Structure formats: C-alpha cells, structure tokens
Amino acid sequence: MSALLIKNIKQLVQVREERNSPVLGKEMAELPSIDNAWILVKHGIIEDYGSMDSCPEDPKAVIDATGKLILPAWCDSHTHLVFADTREEEFVGRIKGLTYEEIAATGGGILNSAKKLADTSEEELIVSATERLNEIMHLGTGAVEIKSGYGLSVDGELKMLRVIKHLKQSHPLTIRATFLGAHAIPAEYKKNREEYIRQIIEEMLPVIADEKLADYIDVFCETNYYTPEETSRILEAGKKHGLKPKIHVNQFTSIGGIQVGVENQAISVDHLEVMTEQDKKDLAASNVIPTVLPSCSFFLGIPYAPARELIEANLPLCLATDYNPGSTPSGNIPFVLSLACLKMKLLPEEAINAVTVNGAFAMELQHELGSITKGKKANLIITKPINSINNIPYSFGSNLVETVIINGYVQEA
Ligand code: NIG
Ligand code: FE
C-alpha cells in the first residue's frame, strides 16, 4: 500500500509544525487540532492533511473515520519490557505488607529477575518481548525505549541488548535501546562493588559501542543501589562511548541523582517521586526532561511525582509507563493518561502532550514521531467513535484505540 487517505476524521489531534524544543509549561495545555479533517499517508510518511473542504481525490486505499479521532501514536520513553518472567509472588508479598525495598533486601526484586533471565535463552526472550510489543502497539504505542538491566553480568547484559537489537530489526515499532548494567549490585559483588563497576566500564561498554547495541546509558541512582558518585563515573564512561544519559533518580530517596543528571547533560531524569525544593530548582534551571511514571506509583503505592509543580516551573513534562515485572507490570499508556489526570491533576491536553511530542523528545525521535507533521512517520491512532480527547483518560481501563497504523500500515489485531 503506497498511499492511504483517511477522511471525515472528527478531529485530527496534535497537528504541529516541527519543533526544536519539547512543549513546556503553560503551552502543555494546548493541543492543536483540526476538526472534520483528512490525512494522506504515502510510503509510510505523513504526506499532507487538512480540513474536509480541501480533501484530495481518493487514492485506492481509503478509511472513513466518521465520528473518530486521530492522534499520533504514543511515544513510551521508559520501559524494561525484555524480561524472563513475572514476579507475582512479590506482588502477593506486598499485599501482605512487605515494601518493594524489603523484598529487594532479601534477594527479590531486580536480582530475582536477573536470576530468571540467566536461565532464559535469547530466543525465548525475543518471543515474550514480541508479545509485549504487540500488546502495547494495540494500546496505541508507536515508539518505545527498552532498557537492559536484568543481565547484571557481562554475558547477561550483552544478551539483553542483543535481544533488543533483534527486536529493533524484527518489529514494526520504533525502538530505542538503553544500557542499564548499573541497575543493581549483583549478589556476588555485594562486598566488591568496584569490581562490578569495573566490568561495566571496561568490559561491557566497549563491546556495546563496538556492536552498536545501545543508544543511551542509564543508572539506578538510589539508596542501596548506586551512589551519585558511582552514577557520575558510569555516565562519564558511557558518554565516552557515545551513549547519552537517561537515568533513574529520586524514586525512593533524594540523594543527588537529579544533580548528577543535570551535570552530565542527561536527556531525561526519570521517576522523581521524592523531590526536595532544591531538586525542583536545579531541574527547573536545566534542559533535562523530567519523566514521571504514575503507573509505578499506582502499583507500588509510593507517592506520585509532583508533575503539576514541574509544569508550573515551566518544564517539559514527559510521561511513560516503566513497563517492568517488579514495579509496573503494564505498558498501558491510556491508563497512564488516566492516572496522570486523576492523581497528578494534569489536564487531558497536558497528559497527551507528555506522551506524544515530549515522549518523542525524550527518545530524540522528535524529527520522526510525536506529532501530526508533514514528513513524519505515519504512526497513528484511530480511536473508536468518541466525543472528545477527554474520553481517553476518562474511560480508565477501556481501550478506545480502535486501529493502529505503524509506518503507514494498519496493524491487524
Ligand atoms: O524503574 N527502579 C528501578 N527499576 C525499575 C524496577 C525494576 C524491577 O523491580 O524489576 C523501575 O521501577
Ligand atoms: Fe524504570
């Protein structure tokens, strides 16, 4: 199919000229749209669009979108969706009163996933991750970042990154890869963490750079995980190999992670559930994208990040899922939108900007994705017939995404 016309669109949402910066502050409440519109896709790219009074002649393929909205597909900039198995036993443990930190302290948590991944082949990981990618695609996701971090050994981390590289080539979604070797300290290096950090810097990074296995570097900068000083060293080593930082900070405690991200010109600092006034000031004075993950707060019962305050500080807030087996076993962006509106008091327009334009910026995909713009990839959502965009976060738990188009092709369910 080289040309596809979609016509009678009730509303074409997030129509913008290409931007050099993410949408920030007050601007986040604006979602430029065209009512009663058409869009023409050619060779997988958005060729043109307009209102129905200027609709071009029908090419061979036409979709009638009467009553339906079209949006750019979601850009989910933070996931760990390559993993070997679920961690349901920890879920039950938390219901009975254990905290995420208590579970981790007894060998559960990330180390539990690492143990399971060590016994799982690349082929098996590809099969399960492909199922997850297909699931999120049908919820409207068109681009996704995937982290390593359940290998926690030279072989394990490289295995995960090779799986992600395979997915990049085999799956229609646009995928970005992040190296998160510093996700936890492996049990065998508890008394010798320097040796594991040496392996990250001297053994993993050169191979990753050589085989082009990652786009970004991440560290879990947190009490009982990596200190700000260790984080800084690992990020600097990553940067020498061409990997820009996108890091986990301030999930449970504020220990200086935001400052390390700012100093190292991170693309984004992610989580931010626990922030001091100084953290907010330092972030507001930077160009780093704050990425918040409300479905992680929902699942763990931890505080929601102060998303409203970040918008009010004129920052370009980004929302993502954090899809992973421990803290967020869900890659459901429509649910993230509901939580962002209900728990963080974002307007639907703000939440949608945060998972489209700003999500694309948080993966440096702003030239190809994140808005309805001529020349961008035709990764599009066609909704069911609905009254307005407000219905998407309002109808929590429902999937109002009827059809997903990726690279110009309708993705059959
Ligand atoms: O982003 N906090 C660090 N990493 C993940 C959780 C990983 C896990 O529990 O497996 C997160 O929440
Ligand atoms: Fe995460």
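This one's a predicted model, so the numbers in the text were calculated from it and none came from an experiment. Just so you know, ligand 1 is whichever comes first in the structure, and atom 1 is the first atom listed for that ligand.
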Measure from the side-chain N and O atoms of K376 to the backbone N and O of Q366, and report whether any donor-acceptor pair falls under 3.5 Å.
-> yes

Heavy-atom donor-acceptor pair, R193 side chain to P186 backbone, under 3.5 Å = no

Which residue pairs satisfy the side-chain hydrogen bond (donor to acceptor under 3.5 Å, both in side chains) criterion with at least one member in residues 125-142, sequence neighbours excluded?
-> N134-H171

Given ring-ring contact (aromatic ring centres under 6.0 Å, His included), test H80 with Y323 step by step and report yes or no.
-> CA-CA 6 Å; H80 312 242; Y323 194 176; 9.8 Å; no

Which pairs of N or O atoms, one from ligand 1 and one from the protein, are separated by less than 3.5 Å, and what is the distance for each pair?
from     : atom 1 : to   : atom 2 : distance (Å)
ligand 1 : 1 (O)  : H80  : NE2    : 3.4
ligand 1 : 1 (O)  : H248 : NE2    : 2.9
ligand 1 : 1 (O)  : H271 : NE2    : 2.8
ligand 1 : 1 (O)  : D322 : OD1    : 2.9
ligand 1 : 1 (O)  : D322 : OD2    : 2.9
ligand 1 : 2 (N)  : Q251 : OE1    : 2.6
ligand 1 : 4 (N)  : H183 : NE2    : 2.8
ligand 1 : 9 (O)  : R87  : NH2    : 2.8
ligand 1 : 9 (O)  : Y100 : OH     : 2.4
ligand 1 : 10 (O) : R87  : NH1    : 2.8
ligand 1 : 10 (O) : R87  : NH2    : 3.3
ligand 1 : 10 (O) : Y150 : OH     : 2.6
ligand 1 : 12 (O) : Q251 : NE2    : 3.4
ligand 1 : 12 (O) : D322 : OD2    : 2.9
ligand 1 : 12 (O) : S327 : OG     : 2.6

Nearer than 2.8 Å to the Fe ion (ligand 2), the protein contributes N, O or S atoms numbering 4

Looking only at side chains, do E88 and T86 share a donor and an acceptor under 3.5 Å apart?
-> yes

Within 45° cone and under 6.0 Å: K246 NZ/CZ vs Y216 ring | yes

Nearest heavy-atom contact between K115 and G107 is NZ-O, 4.4 Å

Has the side chain of E157 got a donor or acceptor atom that lies under 3.5 Å from a matching backbone atom of L152?
-> yes

Could you pull out every donor-acceptor pair under 3.5 Å between side chains of residues 293-311 and any protein atom, sequence neighbours left out?
from : atom 1 : to   : atom 2 : distance (Å)
S295 : OG     : T321 : O      : 3.3
S297 : OG     : P303 : O      : 2.9
R308 : NE     : E312 : OE2    : 2.9
R308 : NH1    : K345 : O      : 2.9
R308 : NH1    : E350 : OE1    : 2.8
R308 : NH2    : E312 : OE2    : 3.2
R308 : NH2    : E350 : OE2    : 2.9
E309 : OE1    : K280 : NZ     : 3.0
E309 : OE2    : K280 : NZ     : 3.4

